[in-house]
Enquirer: 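I have a structure I would like to understand better, so I am pasting it below and will then ask my questions one at a time.
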Amino acid sequence: PFLWSHLIRVYAACDHLMEANQVFLQNPSESVFTWSAIISAYSKVGQGQNAIDLFHEMQRAGEIEADKPILLAVLKGCSAISASYYARIIHFHVLIDGLESDLSLSNCLVDTYAKCKSLSDARKVFADQTRKDIITWSSLMIGYSDHGNGYDVLMLHCQMQIEGMDTNRVTLISILKACLSIGTLFHIKFIHAYILEKGFGSDKVICNTLIDVYAKCGGLKEAHDVFLELPDQD
RNA sequence: CAAGGUACUUCUG
């Protein structure tokens with residue numbers, strides 16, 4: 001019963017996708033669990049096309065109805081290969097299933113559109129969100145920063161503060177990455193101070209990001225200073 | 001009866 005989906009997952013976790021696929025093909029009891037197991041296995045390792053093809057096949061067979069975890073897994077596959085056209089198809093499924101107010105699905109749509117560089121689509125989903133959490137905000141902020149839209153990151157951060165959402169390490173990372181497109185050393189130092197004020201001064205990933213951004217913006221000395229204060233350099 | 005799901009540094013890809 002539930003052994004099949006577990007077995008698929010175990011193989012996938014060991015990077016044995018071929019075996020996982022064999023198990024999937026031979027399993028006598030297909031269900032949303034086995035389908036989500038195999039689709040997310042492919043999505044997770046970046047084989048988005050396989051994830052999409054499997055989803056398509058599932059739809060064609062018509063035995064199993066796509067549910068939330070399956071839609072999330074396919075969306076992750078879309079991000080992996082920048083398939084914005086397929087993200088729109090999944091978006092459509094979400095709408096006809098009346099799931100547009102589901103927080104994790106709409107967050108995932110924002111993230112997927114952003115990763116596919118469809119920033120205006122991401123923005124539209126974001127704007128229609130009635131509820132937002134920190135993942136909603138960080139998904140869009142990371143999307144903007146990854147595509148060089150630094151000012152949009154800063155404006156979102158302001159708006160987030162106004163709406164009373166606390167910043168966290170992910171949104172701070174997006175702000176630092178925003179410096180790569182708009183930043184002067186002065187900006188980075190300002191954000192650095194803000195990071196210390198928020199108590200993230202010893203977060204290793206934040207420090208690494210700081211070093212990188214300083215270095216890329218001509219602040220080698222500042223980068224070195226952060227490096228020296230790292231508890232465990234590697 | 002139980003099992004699956006979203007944001008996360010650099011470099012390389």
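By convention in this document, chain letters (A, B, ...) are assigned in the order of the sequence lines, proteins followed by strands, and residues within each chain are numbered from 1.
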Enquirer: Would you mind reading off the distance between A:Leu103 atom CG and B:A7 atom P, rounded to a whole angstrom?
Expert: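 Checked: the CG to P distance equals 13 Å.
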Enquirer: Answer with base, sugar-phosphate or nothing: what part of the nucleic acid does A:Ile70 contact at a heavy-atom distance below 4.0 Å?
Expert: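 The residue A:Ile70 makes base contact.
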Enquirer: Kindly give the heavy-atom pair with the smallest separation between A:Ser139 and A:Val110, and that separation in Å.
Expert: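 Taking A:Ser139 first and A:Val110 second, the nearest heavy atoms are CB-CG1, 4.0 Å.
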Enquirer: Using atom CG of A:Asn168 as one end and atom P of B:A7 as the other, report the distance to the nearest whole Å.
Expert: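 To the nearest whole Å, that distance equals 13 Å.
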Enquirer: Is the distance from the ring center of A:Trp35 to that of A:Phe24 below 6.0 Å?
Expert: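 Between A:Phe24 and A:Trp35, which both carry aromatic rings, the centre distance is below 6.0 Å.
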Enquirer: What integer distance in Å separates A:Tyr11:OH from B:G4:P?
Expert: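 The distance from OH of A:Tyr11 to P of B:G4 comes to 20 Å, rounded to the nearest Å.
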Enquirer: Please examine the side chains of A:Ile90 and A:Phe55, heavy atoms only from C-beta on, and report whether any two atoms are closer than 4.5 Å.
Expert: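 They are in contact (side-chain heavy atoms under 4.5 Å apart), so the answer is yes.
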Enquirer: For A:Leu7 and B:A3, what is the distance between atoms CG and C1' respectively, to the nearest whole Å?
Expert: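 Between C1' of B:A3 and CG of A:Leu7: 13 Å.
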Enquirer: Classify every nucleotide of nucleotides 8-13 of chain B by which part a protein heavy atom approaches to under 4.0 Å, writing B for the base, S for the sugar-phosphate alone and - for neither, in 5'-to-3' order.
Expert: BBSS--
Enquirer: If we only count heavy atoms from C-beta on, is the A:Ile38 to A:Glu30 side-chain gap below 4.5 Å?
Expert: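 No, their side chains stay 4.5 Å or more apart.
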Enquirer: Identify all side-chain donor-acceptor contacts of residues 42-51 of chain A below 3.5 Å with residues at least two apart in sequence or on another chain.
Expert:
| residue | atom | partner | partner atom | Å |
| --- | --- | --- | --- | --- |
| A:Ser43 | OG | A:Ile39 | O | 3.2 |
| A:Ser43 | OG | A:Ala73 | O | 2.7 |
| A:Ser43 | OG | A:Gly77 | N | 3.3 |
| A:Gln47 | OE1 | A:Asn50 | ND2 | 2.7 |
| A:Gln49 | NE2 | A:Asp53 | OD1 | 3.0 |

Enquirer: Nearest whole Å is fine: how far is B:U6 P from A:Gln129 CD?
Expert: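 Atom CD in A:Gln129 sits about 17 Å away from atom P in B:U6.
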Enquirer: Checking side chain to side chain contact (heavy atoms under 4.5 Å, CB included) between A:Asp67 and each of A:Leu72, A:Asp97, A:Val32, which is the one that passes?
Expert: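 Single side chain to side chain contact (heavy atoms under 4.5 Å, CB included) partner of A:Asp67 among A:Leu72, A:Asp97, A:Val32: A:Val32.
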Enquirer: Assign A:Val32 to base, sugar-phosphate, or nothing according to its heavy-atom contacts below 4.0 angstrom with the strands shown.
Expert: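 Counting heavy atoms under 4.0 Å across all strands, the contact made by A:Val32 includes a base.
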Enquirer: Taking side chain as C-beta onward, heavy atoms only, is A:Val125 less than 4.5 Å from A:His91?
Expert: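 Result yes, sub-4.5 Å side-chain heavy-atom pair found.
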Enquirer: Would you state whether a donor and an acceptor, one from the side chain of A:Ser139 and one from the base of B:A7, lie under 3.5 Å apart?
Expert: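 Answer no: no donor N or O sits under 3.5 Å from an acceptor.
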Enquirer: Enumerate, in order of first residue number, the stems that involve RNA chain B, defined as 3 or more consecutive Watson-Crick or G-U wobble pairs with both distances under 3.5 Å.
Expert: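 Stem list for RNA chain B: empty.
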Enquirer: Check for me, please, whether A:Tyr85 and A:Leu95 land in the same ILVMFWY cluster - side-chain distances under 4.5 Å, paths through other members count.
Expert: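 Each belongs to a different hydrophobic cluster.
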Enquirer: Under 4.5 Å between any side-chain heavy atoms of A:Ile134 and A:Met160, yes or no?
Expert: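 The answer is yes, as the side chains (C-beta and beyond) meet within the 4.5 Å cut-off.
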Enquirer: Could you identify which residues of residues 12-27 of chain A place a heavy atom less than 4.0 Å from some atom of RNA chain B, listed by residue number, or say none?
Expert: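 Residues of residues 12-27 of chain A that come under 4.0 Å of RNA chain B do not exist, since none gets that close.
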Enquirer: Return a table of donor-acceptor pairs under 3.5 angstrom between the side chains of residues 227-234 of chain A and protein atoms on other chains or two or more places apart.
Expert:
| residue | atom | partner | partner atom | Å |
| --- | --- | --- | --- | --- |
| A:Gln233 | NE2 | A:Phe227 | O | 2.9 |
| A:Asp234 | OD2 | A:Lys204 | NZ | 2.9 |

Enquirer: Just grab all the salt bridge (Lys or Arg N to Asp or Glu O under 4.0 Å) pairs involving residues 181-201 of chain A, residues at least two apart or on different chains.
Expert: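 Salt bridge (Lys or Arg N to Asp or Glu O under 4.0 Å) check on residues 181-201 of chain A returns A:Lys189-A:Glu222.
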